[in-house]
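Predicted model, so just to flag it, every value in this text is computed and none were measured. Along the sequence shown, residues carry numbers from 1.
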Amino acid sequence: MDANLRQLSAYVAVAKAASFTTAAARLRVSQSTLSRAVADLERVLGVRLLERDTRNVQLTAAGVETLRVAEQIVGAHESGMKELRRYLLGESGVVAVATMPSVAAVLLPRLISAFRRQRPRVTVRIMDGLERAVLGKVLSGDADFAITTVGAQQDRLEHRPLIRDRFHAVLPAGHPLAEREEVAWEDLAPEPFLAVGPESSVRRLTDAAFAQAGCGATLAAEASNVATVGGLVAAGLGVSAMPALVLPLLGPGHIVHRPLAEPVVERRLDVVVRARRTLPSAAAAFLVLLEESRTQGLEVPAGASWVTR
């Protein structure tokens with residue numbers, strides 16, 4: 001059997017209308033075209049589907065069963081094509097974003113909420129991790145794009161500057177440095193320093209800042225999770241330094257933070273896409289929303305700012 005969709009659609013129209021004339025008018029085709037399609041279907045199936053006379057069209061027993069199956073096939077095709085159109089227009093599907101935990105928890109929620117109001121059929125999948133893992137998700141195609149720090153750039157990746165956030169000293173409440181409006185990096189150097197792990201982009205930037213200030217941190221402890229570092233600071237075990245978007249993730253506790261200076265250090269976050277890749281429509285629409293947020297200056301946490309181009 002090799003019945004095609006055109007034949008099945010023609011048969012469904014005639015069978016439901018019980019009339020070639022009415023069905024032809026509904027489909028906007030000639031009656032002869034419709035008649036040939038049904039005749040071709042009967043030939044392919046090897047059975048008579050309709051009993052015809054000058055006034056009526058009646059279904060045979062085989063015609064009744066064929067109508068049932070044909071409606072399922074035609075209905076599934078129509079449903080699938082509608083879903084495909086929605087996907088191609090960016091109205092359905094999945095947007096996969098690879099990013100760091102601070103961006104995922106602090107920057108993205110409002111953007112995702114706005115995006116979902118516009119496109120409620122689209123799911124946003126967040127894959128959070130450290131810089132290297134995040135970029136790997138883009139290179140492998142698991143993520144449509146990333147929002148991450150700028151490290152060593154690769155030819156296979158395209159960077160679009162998005163946002164920057166300034167580093168702050170993270171101090172136990174009541175610490176003498178908390179009385180200042182700004183804290184210099186060299187002021188942190190003698191203090192027991194609580195660092196994130198060496199695989200973190202935050203660690204790379206803090207090490208570079210201490211070097212630029214001509215001093216080195218007195219490392220007391222390190223942890224891979226920023227909330228853990230926050231807990232250690234709150235317990236009075238030392239001080240730390242974090243960019244502004246990370247500060248809300250430090251957890252509850254007796255912590256204060258002050259902008260760091262001498263030098264002022266900012267972390268830049270870029271949108272990163274795989275070069276020469278055509279993004280799915282939904283992902284492209286999310287990037288449009290990001291760009292609109294940047295150009296319109298959507299409110300961001302204190303200490304962070306959109307990159308102007």
Side-chain angles (χ1 to χ4, degrees), residues 94-119 122-138 142-151 160-171 194-197 199-206 222-234 240-260 265-272 282-283 286-287 289-294 297-307:
V94 177
V95 176
V97 185
T99 191
M100 297 176 297
S102 57
V103 177
V106 179
L107 181 63
L108 285 185
R110 287 179 61 192
L111 296 170
I112 292 173
S113 178
F115 183 73
R116 291 270 298 155
R117 285 195 298 271
Q118 297 173 2
R119 300 168 188 264
V122 178
T123 299
V124 180
R125 180 183 300 142
I126 300 174
M127 295 175 279
D128 58 343
L130 299 178
E131 179 185 284
R132 182 177 300 178
V134 162
L135 293 177
K137 294 290 186 184
V138 177
D142 292 334
D144 296 312
F145 61 89
I147 303 175
T148 187
T149 47
V150 182
R160 306 172 188 174
L162 182 69
I163 198 168
R164 60 169 58 92
D165 55 346
R166 182 177 176 179
F167 269 79
H168 287 62
V170 181
L171 310 164
L194 305 169
V196 290
E199 70 282 359
S200 168
S201 61
V202 170
R203 176 66 173 273
R204 183 181 73 239
L205 292 168
T206 54
E222 66 180 32
S224 59
N225 191 297
V226 296
T228 302
V229 173
L232 296 174
V233 173
S240 191
M242 296 287 176
L245 290 179
V246 173
L247 298 177
L249 305 183
L250 295 179
H254 301 290
I255 296 175
V256 296
H257 47 83
R258 298 290 182 266
L260 276 161
V265 177
E266 293 181 324
R267 176 182 68 163
R268 198 185 89 191
L269 302 173
D270 286 4
V271 173
V272 183
F286 196 98
L287 289 186
L289 177 64
L290 265 179
E291 179 62 13
E292 290 174 348
S293 299
R294 186 189 68 81
L298 180 73
E299 184 181 358
V300 292
S305 61
W306 297 103
V307 175

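Of the possible polar contacts, none joining the Ser200 side chain to the Gly197 backbone as a donor-acceptor pair under 3.5 Å is found. In this structure a side-chain-to-backbone donor-acceptor pair under 3.5 Å is missing from Arg119 to Phe286.
Contact check for Leu290 versus Leu162: side-chain heavy atoms found under the 4.5 Å cut-off. Looking only at side-chain heavy atoms (C-beta outward), Val246 and Arg267 come within less than 4.5 Å of each other. Val202 is not listed as a side-chain neighbour of Met100, based on a closest heavy-atom distance of 4.5 Å or more. Between Val226 and Pro101, every side-chain heavy-atom pair lies at or beyond the 4.5 Å cut-off. The side-chain heavy atoms of Ile112 and Ile126, taken from C-beta on, include a pair separated by under 4.5 Å. When side chains are defined from C-beta on, Val272 does not count as touching Phe145, because their heavy atoms never get closer than 4.5 Å.
Atom CG of residue Leu269 and atom CG of residue Leu107 lie 8.0 Å apart, to the nearest 0.5 angstrom. With rounding to the nearest 0.5 Å, the separation of CG in Leu111 from CD1 in Ile147 is 7.5 Å. In this structure, CD1 in Ile163 is found 11.0 Å from CZ in Arg294, a value given to the nearest 0.5 Å. Residue Leu232 holds its CG atom at 11.5 Å from CD of Glu222, rounded to the nearest 0.5 Å. Taking CD1 from Ile255 and CE from Met242, the interatomic distance works out to 9.0 Å, rounded to the nearest 0.5 Å. Going from atom CG of Leu194 over to atom OG1 of Thr228 covers 11.0 Å, rounded to the nearest 0.5 Å.
Of all heavy-atom pairs between Pro161 and Asp270, the closest is CA-OD1, 3.3 Å. Shortest non-hydrogen contact noted between Ala244 and His168 is CB-CE1, 4.2 Å. Between Val103 and Pro109, the closest heavy-atom pair is O-CD, 4.4 Å. Between Asp165 and Leu245, the shortest heavy-atom contact is OD2-N, 3.0 Å. Considering all non-hydrogen atoms of both residues, Gly129 and Val134 come closest at O-CG2, 3.4 Å. For the residue pair Ala104 and Asp128, the shortest heavy atom distance occurs at CB-CB, 4.3 Å.
By the 6.0 Å contact criterion, CZ on Arg116 is enclosed, its count of non-hydrogen atoms from other residues, nucleotides or ligands being greater than 12.
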Steps toward side chain to side chain contact (heavy atoms under 4.5 Å, CB included) verdict (Val97, Asp144): CA-CA 6 Å; Val97 185; Asp144 296 312; over 6 Å; no

Side chain to side chain contact (heavy atoms under 4.5 Å, CB included) assessment of Leu289 paired with Gln118: CA-CA 10 Å; Leu289 177 64; Gln118 297 173 2; 4.2 Å; yes

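Note on Glu131 versus Arg204: salt bridge recorded, some NZ/NE/NH1/NH2 to OD/OE distance being below 4.0 Å.
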